[in-house]
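Each chain gets a letter, A, B and so on, in the order the sequences are listed, and its residues count up from 1.
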2 protein chains.
Amino acid sequence: MPKRVDHAERRTDIAEALIRVAGRRGLHAVGMRDVAAEAGVSLRLVQYYFQTKEKLLLFGLEQLAERFGERVSARVRAAGDSPGPRAMVEALLMAALPADDESRTFHHLYTSYAVLAMTDRALAAQPFIKNPDAAEDALTELLRQAQEADLLDPDVDARLEAAGLLAMSAGLGTSILVGQRSPESATTVLDHHLNRIFRTGDAVLT
Amino acid sequence: MPKRVDHAERRTDIAEALIRVAGRRGLHAVGMRDVAAEAGVSLRLVQYYFQTKEKLLLFGLEQLAERFGERVSARVRAAGDSPGPRAMVEALLMAALPADDESRTFHHLYTSYAVLAMTDRALAAQPFIKNPDAAEDALTELLRQAQEADLLDPDVDARLEAAGLLAMSAGLGTSILVGQRSPESATTVLDHHLNRIFRTGDAVLT
DNA sequence: AACGTCATGGTACGTTCGTATCACGAAACC
DNA sequence: GGTTTCGTGATACGAACGTACCATGACGTT
């Protein structure tokens, strides 16, 4: 073989170019030529590493979900040291809100992909079921721990509560992106809910 | 003027054709030719009544939001007779969940439009701020009434609670559309929340 | 040293899309 | 009753898109 280049690395480079340009102009507006230009390679190369646009999109979604999952769990881990379970719950939910650019891009593109998945039933069943389920499991576990530490209202069903909180966070995220609500307002709404669920009325929000 | 046709009527006909075909194949996949075929008219006519695709899309969104608003308020009104405020709250939230075809189409397309609105900041600022705000006002009012009738936990902030419930409903709706969650499961989550907010533990869900 | 294969560039092809143009019948107005 | 205006059809145009094809260095293998 000649230059023997690392295919995996090349693919993630291109996929991140896709994420960047799609985050700027919208997923519906990006073509392979845009991705190629953003990545600084020729159109032919994008075709070479991903044979078809559909495969590129699919890989981009996986990349997006993976990166965001790492971001959230990093924040939860960082919050794990100090004030207890509620801080971790808040870290998880707040990290999911589109307050900074990275999170905005994620929400924007993830929603775009979700819309595609509504018709192309086959497209990426995994990322839209497996990842949210994992998040729900993680949040459920955090709530259970809080419940065992007697910090939580005992008559909440941890699993149902986790599902509700995540759905609420997602819904608030969308309303932020479309300009209906400010990130601060969304934080207030979330915190109000947590205040009623947790026994201590302390707000630890940012 | 010759045949003097009712422009407004024609426009809504075409817009509903747009909604039908977009609901089937996805908003990203419909062109003016598809809309024309679905409406049973020529491409030229679609151009004639809407000069540009953007105007067609805009009118379609207004039409969509209007129809859905009527649907929800009709259901709330229908539930207003019998068992009290909670039934109306449930009616509002449940009507917004994508359980039937009409509601599924609405969620699907509304989300598609929301994605477009994230980049085309100008596109339809109204429908994505005015309508949700109106829904929030209505739900807030219902919650306040329940609170005055002493049916509600007195330490809930009606406005914040309304915002949270609507965001949760929207988030659950999306998770249904992507196949992560069943409508029944979403209903359970919503009802669990209402059970903790309302003083009576009665579930009046469908 | 020759060869085959990998990485890459350039470019062409066929399709589809939104929009514009030309044409024409019919009806209302003076 | 002629003229103007409205509703409608058919079709053409230019751009953009995804994909396919052809060519050509560069390098490891034999």
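- Side-chain nitrogen and oxygen atoms of B:Ser42 include at least one within less than 4.0 Å of the OP1 or OP2 phosphate oxygen of D:dG9.
- Using a cutoff of 4.0 Å between basic side-chain nitrogens and carboxylate oxygens, A:Arg196 and B:Asp157 are not scored as salt-bridged.
- A salt bridge (Lys or Arg N to Asp or Glu O under 4.0 Å) check over residues 11-20 of chain B, counting only residues at least two apart or in different chains, returns the pairs B:Glu16-B:Arg67, B:Arg20-B:Glu38.
- Recorded end-axis angle for the helix from C:dA1-D:dT30 to C:dC30-D:dG1 stands at 10°, based on five pairs per end and rounded to 10 degrees.
- Residue B:His7 places at least one side-chain N or O under 4.0 Å from the OP1 or OP2 atom of D:dG7.
- For residues 10-40 of chain B, proximity to DNA chain D is found at B:Arg10, B:Arg33, defined as any non-hydrogen atom under 4.0 angstrom from a strand atom.
- Residues B:Leu123 and B:Phe128 form no side-chain contact, since every pair of their non-hydrogen atoms from C-beta on lies 4.5 Å or further apart.
- A salt bridge is defined here as a Lys NZ or Arg NE, NH1 or NH2 lying under 4.0 Å from an Asp or Glu carboxylate O, and B:Arg144 with B:Glu148 fails to meet this definition.
- Considering OG1 of A:Thr187 and CG of A:Leu93, their distance stands at 10.5 Å, rounded to 0.5 Å.
- The CD atom of A:Gln126 sits 8.5 Å away from the CG atom of A:Asn131 when rounded to the nearest 0.5 Å.
- Shown for residues 43-64 of chain A: residues whose heavy atoms fall under 4.0 angstrom of DNA chain D, namely A:Leu43, A:Arg44, A:Gln47, A:Thr52, A:Lys53.
- Between B:Phe59 and B:Phe50, the ring planes are tilted. Angles from 30° to 60° get that label.
- By the salt bridge (Lys or Arg N to Asp or Glu O under 4.0 Å) test, B:Asp100 is found to be paired with B:Arg71, B:Arg75, residues two or more places apart in sequence or in another chain being considered.
- Shown here are the side-chain contact (heavy atoms from CB on, under 4.5 Å) partners of B:Lys55, two or more places apart in sequence or in another chain: B:Gln51, B:Thr52.
- Between A:Asp133 and A:Lys130, the closest side-chain pair of non-hydrogen atoms is not below 4.5 Å.
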